[in-house]
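What follows is one structure encoded as structure tokens, with my remarks underneath.
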Protein chains: 2
Amino acid sequence: MPEQELTQRQKEVLECIHDFQEQLQYAPSILEICERLHIRSTNGVVGHIRALIRKGYLERSSKARSLKLTQKAHRIFQSFNNHMVPLLGRISAGSPFYVEENREQMIPFSPNRKTDGVFALKIQGESMIEAGIFDGDIIFVDSKKRAHTGDIVVALVNDEVTVKQFYPKEKCVELRPANRKMKSLRVPVNQVLIQGVVIGLQRSYE
Amino acid sequence: MPEQELTQRQKEVLECIHDFQEQLQYAPSILEICERLHIRSTNGVVGHIRALIRKGYLERSSKARSLKLTQKAHRIFQSFNNHMVPLLGRISAGSPFYVEENREQMIPFSPNRKTDGVFALKIQGESMIEAGIFDGDIIFVDSKKRAHTGDIVVALVNDEVTVKQFYPKEKCVELRPANRKMKSLRVPVNQVLIQGVVIGLQRSYE
DNA sequence: TGTATTAGTGAAAATATATTCAGTATTAAA
DNA sequence: TTTAATACTGAATATATTTTCACTAATACA
């Protein structure tokens with residue numbers, strides 16, 4: 001078991017602190033954590049807290065109710081509830097798509113939608129310019145949604161990531177750009193991986 | 001002075017609690033409020049807290065650091081700092097732009113930018129289609145920013161609101177659409193009101 | 001002229017909360 | 001087989017925090 005991983009019990013403690021904060025809008029005291037987890041001695045909890053601080057999941061000052069989850073800890077819970085979504089940077093060709101190294105930062109997404117499986121990507125190039133997707137725009141992609149004809153998708157073809165319109169044919173897939181200067185791409189089904197469907201777009205002038 | 005209003009000092013106390021929470025991510029103790037406001041007795045602060053609870057701006061349980069701003073209190077600070085921005089609906093022609101009745105809902109905006117003076121608007125029509133602004137898109141507009149040549153602006157002309165590119169001439173303003181099928185509009189300076197500069201865009205597929 | 005609200009001071013008491021000390025038992029790694 | 005980390009118990013102590021009691025003073029209201 002590598003040092004940085006959490007034990008089952010440590011995860012439970014972290015989740016307890018997170019849930020308490022969510023529910024009551026303020027951090028729990030050590031005694032309150034004891035109660036929720038049925039631990040009789042405050043030291044039982046303090047030990048876990050120390051471990052969680054050492055592993056970079058918690059912060060605190062020696063004040064009352066000053067326990068605070070770090071960014072690292074929030075990432076564990078983010079996938080379920082929050083409004084933040086990872087903005088992926090350079091995607092190393094061919095490697096598994098959703099690896100840690102690619103998570104450059106978290107950016108906000110519409111709070112009334114599930115963010116599970118959603119990621120963001122910065123557009124490079126002009127292949128979708130006629131669909132109103134410009135160089136530098138950020139797109140939001142749902143990796144769990146199934147692509148339908150005409151959807152704008154993120155596809156992995158021969159170790160390259162592209163954003164195109166999706167038109168499935170009998171034995172191949174047509175990836176159509178929204179740019180008259182560029183040609184459609186026809187790829188055999190076994191050479192293309194649809195990474196997700198574009199569900200939103202964000203642009204910043206300035 | 002009507003009962004529901006806050007005194008100057010009460011506003012200061014509320015702001016102090018709000019700021020503390022923002023900065024340190026947990027609520028202040030009464031003593032810490034005393035320190036920040038240079039009040040020597042905890043009772044000085046407790047009196048204000050009681051008033052703020054009575055007037056519906058605060059909540060608390062008798063635990064340490066459990067002070068919590070209500071929705072009502074948050075509304076006071078939203079306009080200055082937070083990540084929410086009003087999405088304006090139908091804009092009644094000719095009336096002052098920023099009236100309460102037009103505020104239909106609040107939507108999230110980039111958290112790393114000031115939201116003071118920023119509003120959102122849903123695009124109707126295709127006049128900016130070649131600039132990648134489509135029907136149904138939501139644009140973010142900074143009403144405090146000065147327009148420069150070429151900026152995309154929200155303009156009020158003869159009681160009508162339009163989104164166009166801004167080209168000032170000697171005695172008139174050219175409002176240029178990004179759509180080959182539509183014509184530029186030249187309006188005398190005294191007949192046009194620039195409501196703000198477009199600083200962002202958001203689109204939702206689905 | 002009395003009464004309520006606001007805006008405090010100062011000290012003491014009561015609680016809430018965190019920390020320290022002294023242990024036990026289990027498991028995985030060196 | 002020692003060592004370190006995990007996962008606790010139980011009691012006492014120290015500190016942080018809130019609450020209570022007893023006051024003063026200015027202002028607005030009726």
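From a predicted model like this one, the values you see are computed outputs, not experimental measurements. Letters A, B, ... mirror the listed sequences (proteins, then strands); counts begin at 1. Atom set for the values below is all heavy atoms of this structure, side chains included, hydrogens, waters and symmetry mates excluded.
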Task: Below 4.0 Å: OP1/OP2 of C/dG8 and any side-chain N or O of B/His38 - done: no
Open item on the list: From CD1 of B/Ile49 over to C1' of C/dT6, roughly how many Å is that when rounded to an integer?
Closed with: 15 Å
TODO: Can you see which heavy atom on A/Ser61 is nearest to which on A/Ser66, and at what distance?
DONE: O-OG, 2.7 Å
TODO: Starting at atom CD of B/Glu35, determine the distance to atom P of C/dG8, rounded to an integer number of angstrom.
DONE: 16 Å
Quick test: give all pairs of protein nitrogen or oxygen and nucleotides 20-22 of chain C nitrogen or oxygen below 3.5 Å, distance rounded to 0.1 Å.
| residue | atom | partner | partner atom | Å |
| --- | --- | --- | --- | --- |
| C/dT20 | O4 | A/Asn43 | OD1 | 3.0 |
| C/dT20 | O4 | A/Asn43 | ND2 | 3.0 |
| C/dC21 | N4 | A/Asn43 | ND2 | 2.3 |

TODO: Measure the distance from CZ on A/Phe20 to P on C/dT17 and round it to the nearest whole Å.
DONE: 9 Å
Task: OP1 or OP2 of C/dT19 under 4.0 Å from side-chain N/O of A/Lys63 - done: no
Task: Atom pair distance, as rounded to whole Å: CZ in A/Arg9 and P in C/dT27 - done: 16 Å
Task: Among D/dT6, C/dT6, D/dC8, the one nearest A/Thr7 by side-chain distance - done: D/dT6
TODO: Output the single nucleotide from D/dT17, D/dA5, D/dT18 whose closest atom is nearest the side chain of B/Ile30.
DONE: D/dT18
Open item on the list: Ignoring hydrogens, what is the shortest heavy-atom contact between A/Arg9 and A/Leu37? Give both atom names and the distance.
Closed with: NH2-O, 3.3 Å
Task: Taking every non-hydrogen atom, the tightest pair across B/Leu67 and B/Pro28 - done: CD1-O, 4.2 Å
Task: Check: A/Asp137 side chain, A/Ile123 main-chain N or O, donor-acceptor pair, under 3.5 Å - done: no
- [ ] Check whether any side-chain nitrogen or oxygen of B/His48 sits under 4.0 Å from OP1 or OP2 of C/dA7, and answer yes or no.
- [x] yes
Task: Separation of D/dA5 C1' from A/Gln8 CD (nearest whole Å) - done: 17 Å
- [ ] Give A/Gly47 one of three labels, base, sugar-phosphate or nothing, depending on what nucleic acid heavy atoms sit under 4.0 Å from its own.
- [x] nothing
Open item on the list: Can you see whether A/Phe134 has A/Arg203 sitting over its ring - NZ or CZ less than 6.0 Å from the centre and within 45° of the normal?
Closed with: yes
- [ ] When you get a sec, tell me which of D/dA7, D/dG10, C/dT6 is the closest nucleotide to the side chain of A/Gln10?
- [x] D/dA7
Open item on the list: Tell me the interatomic distance from A/Arg54, atom CZ, to D/dA7, atom P, rounded to whole angstroms.
Closed with: 11 Å
Task: Whole-Å gap separating C1' (C/dT19) and CG (A/Leu31) - done: 13 Å
Open item on the list: Can you see if the side chain of A/Lys55 gets near the phosphate of D/dT6 - specifically, an N or O under 4.0 Å from OP1 or OP2?
Closed with: yes
Task: Value in whole Å for how far the P atom of D/dT18 lies from CZ of B/Arg65 - done: 7 Å
Open item on the list: On DNA chain C, does the nearest nucleotide to B/Ala51 precede the nearest nucleotide to A/Ala64 from the 5' side, or the other way round? Give the residue.
Closed with: B/Ala51
- [ ] Identify whether NZ of Lys or CZ of Arg in B/Arg65 sits under 6.0 Å from the centre of the six-membered ring of B/Tyr26 and within 45° of that ring's axis.
- [x] no
- [ ] Could you point out which residue of A/Ile199, A/Val154, A/Ile152 forms a side chain to side chain contact (heavy atoms under 4.5 Å, CB included) with A/Ile139?
- [x] A/Val154
